[in-house]
Trainee: 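One structure, pasted below without further comment.
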Amino acid sequence: MKLGILISGRGSNMVALVDAVESGEISNSEVVVVISDRSDAAGLAKAEERAVETLVIERMGRKRAEHDGEIAVELKARGVELVCLAGFMRRLSPDFVAAFPRRILNIHPSLLPAFKGVDAQRQALEAGVETTGCTVHYVDEHLDNGDVILQREVPVLPNDTVETLSNRILHEEHIAYVDAVRKIVVSG
Ligand code: GRF
């Protein structure tokens, strides 16, 4: 299965996926392109180090549908069959979602439907929950919505800061995303 990964920043989930494809942990797959909407995304260099093609497609004041339409054209041109959002900080237009039916995944640092949107780890700390985690889900045109594929739980510890909690969740995100993509590749 040909994968395309969209990023906006650090790219650690993208690296987890690329490395799992490379090691064969996710078999019969290839990451054919990593696309960032930001030219300063640190993940771009990490993809290049791994010899994955990278593209920067910035919004540049355009309407959402025009911007993600250009991204969809590049994905389709490379035969991408599964789109993985990995810290991609933009919502997708209905046309983009329709172009890849049930073939767009996202990872979010909470147990959805709890704590949608930005700063999910801070939201969990402020809510005083004892358990949070991460979710891999199908993407629709609504924010952090769509059917859940899998979740991993993480305890919230008494002295946690946003940083310590985020790091604990991130460790589970990398496992969850690889598991979810493997599951989809296996089921075709
Ligand atoms: C992760 O916490 C992910 O759940 C959220 O954005 C962050 C991206 O981190 N959607 P990275 O760029 O994959 O390191």
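Order of listing sets the numbers, starting from 1, for every ligand and every atom in it. For the single chain, residues carry numbers from 1 onward in sequence order.
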Trainee: Among protein heavy atoms, which sits nearest to atom 2 (O) of ligand 1, and what does the distance come to when rounded to 0.1 Å?
Mentor: E173 OE2, 3.0 Å
Trainee: Salt-bridge test for R59 and D37: reply yes if a basic N is under 4.0 Å from a carboxylate O, no otherwise.
Mentor: no
Trainee: Is R78 atom CZ crowded by more than 12 heavy atoms from other residues, nucleotides or ligands, each under 6.0 Å away?
Mentor: yes
Trainee: Against ligand 1, does P109 come closer than 4.0 Å with any heavy atom?
Mentor: yes
Trainee: Got more than 12 heavy atoms from elsewhere within 6.0 Å of CD, E22?
Mentor: no
Trainee: Quick one: do R103 and E81 make a salt bridge, cutoff under 4.0 Å?
Mentor: no
Trainee: Specify the protein heavy atom at minimum distance from atom 12 (O) of ligand 1: its residue, its atom name, and the distance to 0.1 Å.
Mentor: G11 N, 2.8 Å
Trainee: Give me the nearest non-hydrogen protein atom to atom 10 (N) of ligand 1 as residue plus atom name, then the distance to 0.1 Å.
Mentor: I107 O, 3.0 Å
Trainee: Salt bridge check: are D68 and R91 linked by an N-O gap of less than 4.0 Å?
Mentor: no
Trainee: Under 3.5 Å, side-chain donor or acceptor atoms of residues 147-159 against the rest of the protein: list the pairs with distances, not counting sequence neighbours.
Mentor:
residue: D147; atom: OD2; partner: R102; partner atom: NH1; Å: 3.2
residue: D147; atom: OD2; partner: R102; partner atom: NH2; Å: 3.3
residue: Q151; atom: NE2; partner: L112; partner atom: O; Å: 3.0
residue: Q151; atom: NE2; partner: T135; partner atom: OG1; Å: 2.9
residue: R152; atom: NE; partner: E172; partner atom: OE1; Å: 2.7
residue: R152; atom: NH2; partner: E172; partner atom: OE1; Å: 2.9

Trainee: Can you tell me which residue and heavy atom of the protein come closest to atom 9 (O) of ligand 1, and the distance to 0.1 Å?
Mentor: R10 NH2, 3.0 Å
Trainee: Return yes or no for this condition: an N or O of N106 is under 3.5 Å from an N or O of ligand 1.
Mentor: no
Trainee: How far is atom 8 (C) of ligand 1 from its nearest protein heavy atom, and which residue and atom name does that atom have?
Mentor: G87 CA, 3.5 Å
Trainee: Among protein heavy atoms, which sits nearest to atom 11 (P) of ligand 1, and what does the distance come to when rounded to 0.1 Å?
Mentor: S12 N, 3.4 Å
